[in-house]
Amino acid sequence: ASLPFFSSLFAQGRLYEFNGAVTRSVSRLLAVSFLVSAGMIALADPIVDLLFRKGHFTHADAHATARYFALFVVTLCLWSAQGIYARAFYAAGDTLTPAISGTVITLLSIPIYGLLYRGFGVVGLAMASDLGILALTLTMAVQLHRKRLVSIASLDGGELWRAGLAALVSYAGAAVCAAYLPRRPGYFGDMLLIAVAGTVWAGLAFGTLHVTGSRLPQQIRSRRQAGR
């Protein structure tokens, strides 16, 4: 729904509102992604085990795969942000800039994939993917800023700091649960661990947001009520 809204603002020449709408969307997505990523990284092992273990794919395989899962989840916030930045370009009638940026970064990433794979194996491939989306997101943000469409300075730094702190606190709590709670083998054990550690993650995340005065919980509740 963001693209038609952005397009309407740009077509009406309301560039100040356009900038505000894009940066609010990016700030909220980044903040939520910080929290979601923290929980998914802390619980990577039981999540992968629950979703994929069957047949020849054993618990040991799931444990190894969880490392790659966690590495990819680190950049969930960047994938979310670049999607909004791309829509900002499209709303402004510029489809060429994001296409060229994506192509150039893809070409530049190829030798990086090779270099990191030789140095770190399959983990290096995940690292190269993370570096690629980081480069793309930063490039698009800088280009929008230089074109005076979306200011980087308009991002809600205070809210991002609060969400980052909440992500660290909730990650620590969930990771401790995942590491030290007794775990029954099998799907039921995975589900029970995810439920308990997930409750701890959610409580710590929203508790930290509340203590630091974040507006994110209220914004999430407002969006949920609007969607009903």
Side-chain angles (χ1 to χ4, degrees), residues 1-41 72-103 105 129-168 170-171 201-202 205-206 208-210 212-228:
S2 59
L3 181 56
F5 178 61
F6 294 161
S7 299
S8 176
L9 291 176
F10 188 84
Q12 296 173 39
R14 298 162 60 185
L15 298 184
Y16 180 80
E17 290 90 342
F18 176 82
N19 171 72
V22 174
T23 53
R24 281 195 303 272
S25 296
V26 172
S27 296
R28 290 174 185 173
L29 271 176
L30 286 174
V32 172
S33 297
F34 290 166
L35 300 174
V36 174
S37 295
M40 294 177 72
I41 293 170
F72 282 119
V73 168
V74 167
T75 53
L76 177 62
C77 59
L78 299 176
W79 285 100
S80 302
Q82 69 86 27
I84 296 298
Y85 282 139
R87 287 173 175 82
F89 276 112
Y90 302 153
D94 183 358
T95 59
L96 188 61
T97 298
I100 292 175
S101 299
T103 301
I105 290 174
S129 175
D130 290 348
L131 290 175
I133 189 60
L134 173 63
L136 178 60
T137 303
L138 290 177
T139 298
M140 296 180 73
V142 169
Q143 288 175 327
L144 284 168
H145 184 87
R146 293 181 62 183
K147 291 176 178 290
R148 299 180 182 274
L149 293 173
V150 179
S151 172
I152 296 175
S154 297
L155 289 172
D156 194 340
E159 200 64 43
L160 293 177
W161 176 86
R162 297 182 186 94
L165 178 62
L168 289 174
S170 60
Y171 166 80
W201 162 80
F206 282 91
T208 304
L209 291 173
H210 177 73
T212 57
S214 171
R215 300 185 302 275
L216 187 60
Q218 180 59 42
Q219 292 170 348
I220 293 175
R221 286 193 292 268
S222 299
R223 293 296 296 269
R224 289 182 61 186
Q225 293 171 357
R228 292 176 181 174

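Reckoned from all heavy atoms, side chains included, excluding hydrogens, waters and symmetry mates.
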Determine yes or no for a side-chain-to-main-chain donor-acceptor pair under 3.5 angstrom, with [X] supplying the side chain and [Y] the backbone.
X      : Y      : result
Ser27  : Asp156 : yes
Trp201 : Leu35  : yes
Ser8   : Pro4   : no
Ser154 : Thr23  : no
Thr95  : Tyr90  : no
Thr212 : Leu209 : yes

State, to 0.1 Å, how close [X] and [Y] come at their nearest heavy-atom pair, and which atoms those are.
X      : Y      : value
Ala205 : Ala166 : O-CB, 3.6 Å
Leu30  : Ala81  : CD2-CB, 3.9 Å
Ala31  : Leu216 : CB-CD2, 3.8 Å
Leu149 : Phe18  : O-CD2, 3.7 Å
Gln143 : Ser101 : OE1-OG, 2.9 Å
Ala167 : Ala38  : O-CB, 3.3 Å

For the residue pair Thr75 / Asp130, report whether a side-chain donor-acceptor contact shorter than 3.5 Å exists. yes

Heavy-atom side-chain proximity of Pro98 to Met140 below 4.5 angstrom: yes

Which of these passes side chain to side chain contact (heavy atoms under 4.5 Å, CB included) with Leu144: Val150, Ile152, Thr97? Val150

With Tyr85, which of Thr139, Leu138, Leu136, Val26 fulfils side chain to side chain contact (heavy atoms under 4.5 Å, CB included)? Val26

Roughly how far apart are [X] [atom1] and [Y] [atom2], rounded to 0.5 Å?
X      : Y      : atom1 : atom2 : result
Gln12  : Ser7   : CD    : OG    : 11.0 Å
Ser37  : Tyr171 : OG    : OH    : 12.0 Å
Ile84  : Arg28  : CD1   : CZ    : 11.0 Å
Ile100 : Ile105 : CD1   : CD1   : 12.0 Å

So salt bridge (charged side-chain N to carboxylate O under 4.0 Å, His left out) across residues 29-38, not counting sequence neighbours, yields none

